[in-house]
> 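What follows is a single structure, and I will ask about it in a moment.
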Amino acid sequence: QVHLVESGGGLVQAGGSLRLSCAASGSTFMMGWYRQAPGKQRELVARMTSVGITNYADSVKGRFTISRDNARSMVYLQMNSLTPEDTAVYYCYAQLGPRDYWGQGTQVTVSS
C-alpha cells in the first residue's frame, strides 16, 4: 500500500505560479499529476518514471515542470504562467507494480 499526501494548492492570479508537492509512503515506479475540472474527465497533466522519463499534456508543455526526489519518494509540479483554464482539482498519482494509487486531491484556482 502506498499512501500519497499532497500540498501546495491554492488561489493564484492568472500569470502566477504554484508548486504542488506529493509525498509517497514508499518507493514507486511512476508518479505524476492528474487534474479534473467540474463536469470534465480527469486528465493527465504530467508523469515521470523513477528513471526520469516524462510525459506532459500538450496544454501544459512549456509551462509546467514535473520533478521527483526518489530518495524522499516525492514528486513536484511547478506550474508557471497559470491561466483560468488550469483551474481544477489536482491529484497526485503513483504506480507500483500492478497497483495504482491516488492522493485526495488539492484545489488549484486561477483567477482572471
Side-chain angles (χ1 to χ4, degrees):
Q1 178 70 27
V2 176
H3 181 62
L4 304 176
V5 179
E6 303 161 344
S7 62
L11 175 65
V12 66
Q13 294 182 353
S17 298
L18 284 173
R19 191 186 193 216
L20 306 182
S21 300
C22 177
S25 59
S27 298
T28 61
F29 167 67
M30 180 81 73
M31 295 192 74
W33 298 90
Y34 288 70
R35 67 186 182 187
Q36 187 169 27
K40 298 186 181 297
Q41 295 185 29
R42 188 174 299 186
E43 64 175 353
L44 172 70
V45 178
R47 61 186 180 187
M48 190 175 190
T49 71
S50 60
V51 294
I53 305 300
T54 59
N55 297 109
Y56 290 93
D58 288 342
S59 60
V60 307
K61 287 181 179 177
R63 299 189 298 121
F64 292 8
T65 302
I66 188 170
S67 61
R68 60 186 290 176
D69 183 339
N70 291 333
R72 298 180 179 180
S73 298
M74 297 192 69
V75 65
Y76 308 92
L77 185 68
Q78 179 66 46
M79 304 185 294
N80 298 327
S81 301
L82 286 162
T83 75
E85 288 68 44
D86 296 314
T87 295
V89 177
Y90 285 69
Y91 296 90
C92 183
Y93 165 81
Q95 179 183 300
L96 179 63
R99 300 291 302 274
D100 295 336
Y101 303 91
W102 295 94
Q104 79 286 352
T106 184
Q107 178 70 46
V108 172
T109 302
V110 184
S111 65
S112 59

> Hey, any chance Met74 and Tyr91 share a hydrophobic cluster, counting ILVMFWY side chains that come within less than 4.5 Å of each other, even indirectly?
no

> Of the non-hydrogen atoms in Arg63 and Ser81, which two are nearest, and what is the gap between them?
NH1-O, 3.0 Å

> Are Val12 and Leu20 co-members of a hydrophobic cluster defined by side-chain heavy atoms under 4.5 Å apart?
yes

> Would you mind reporting whether Thr65 and Leu77 have side-chain heavy atoms less than 4.5 Å apart?
no

> Going by atom types only, do Arg47 and Asn55 share a side-chain donor-acceptor pair under 3.5 Å?
yes

> If you look at every heavy atom in Val2 and Ala24, which pair is closest and at what distance?
CG1-CB, 3.9 Å

> Could you go step by step and tell me if Tyr90 and Gln36 meet the side-chain contact (heavy atoms from CB on, under 4.5 Å) rule?
CA-CA 7 Å; Tyr90 285 69; Gln36 187 169 27; over 6 Å; no

> Under a 3.5 Å threshold, yes or no: a donor from one side chain and an acceptor from the other, between Arg68 and Ser73?
no

> Can you run down the disulfide bond (SG atoms under 2.5 Å apart) pairs that involve residues 46-112, sequence neighbours left out, and say none if there aren't any?
Cys22-Cys92

> For the ring pair Tyr93 and Trp102, is the centre-to-centre distance below 6.0 Å?
yes

> Could you tell me if the side chain of Asp86 sits less than 4.5 Å from the side chain of Arg35, heavy atoms only?
yes

> Is there any ring-ring contact (aromatic ring centres under 6.0 Å, His included) pair reaching into residues 44-87, and which pairs are they, with sequence neighbours excluded?
none

> At their closest point, which heavy atom of Pro84 faces which heavy atom of Ser112, and how far apart are they?
CG-CB, 3.7 Å

> When you compare the side chains of Asn70 and Ser50, does any donor N or O come within less than 3.5 Å of an acceptor on the partner?
no

> A side-chain contact here means heavy atoms from C-beta on lying under 4.5 Å apart; do Met48 and Val75 qualify?
no

> Is there a side-chain contact (heavy atoms from CB on, under 4.5 Å) between Met79 and Val108 once you walk through the steps?
CA-CA 10 Å; Met79 304 185 294; Val108 172; 3.9 Å; yes

> Does Gln104, at its CD atom, have more than 12 non-hydrogen atoms belonging to other residues, nucleotides or ligands within less than 6.0 Å?
yes

> Determine the minimum heavy-atom distance between Met30 and Thr49, stating which atoms define it.
CE-CG2, 3.7 Å

> Hey, are Tyr34 and Arg42 close enough side-chain-wise for a donor-acceptor pair under 3.5 Å?
no

> Taking all non-hydrogen atoms of both residues, which atom of Gln107 and which atom of Ala88 are closest, and how far apart?
NE2-O, 3.4 Å

> State, with a plain yes or no, whether a side-chain heavy atom of Tyr101 is found less than 4.5 Å away from one of His3.
no

> So if you build clusters from Ile, Leu, Val, Met, Phe, Trp, Tyr with side-chain heavy-atom gaps below 4.5 Å, do Leu44 and Phe29 land together?
yes

> Thr87 versus Leu82: any side-chain heavy-atom pair under 4.5 Å?
no

> Please check this pair: side chain of Gln95 against backbone of Arg99, looking for a donor-acceptor N/O pair closer than 3.5 Å.
no

> Between Val60 and Val45, what is the shortest heavy-atom contact and its length?
CG2-O, 3.6 Å

> After noting the C-alpha distance and the side-chain angles of Ser17 and Gln78, does the key distance pass the side-chain contact (heavy atoms from CB on, under 4.5 Å) rule?
CA-CA 7 Å; Ser17 298; Gln78 179 66 46; 3.9 Å; yes

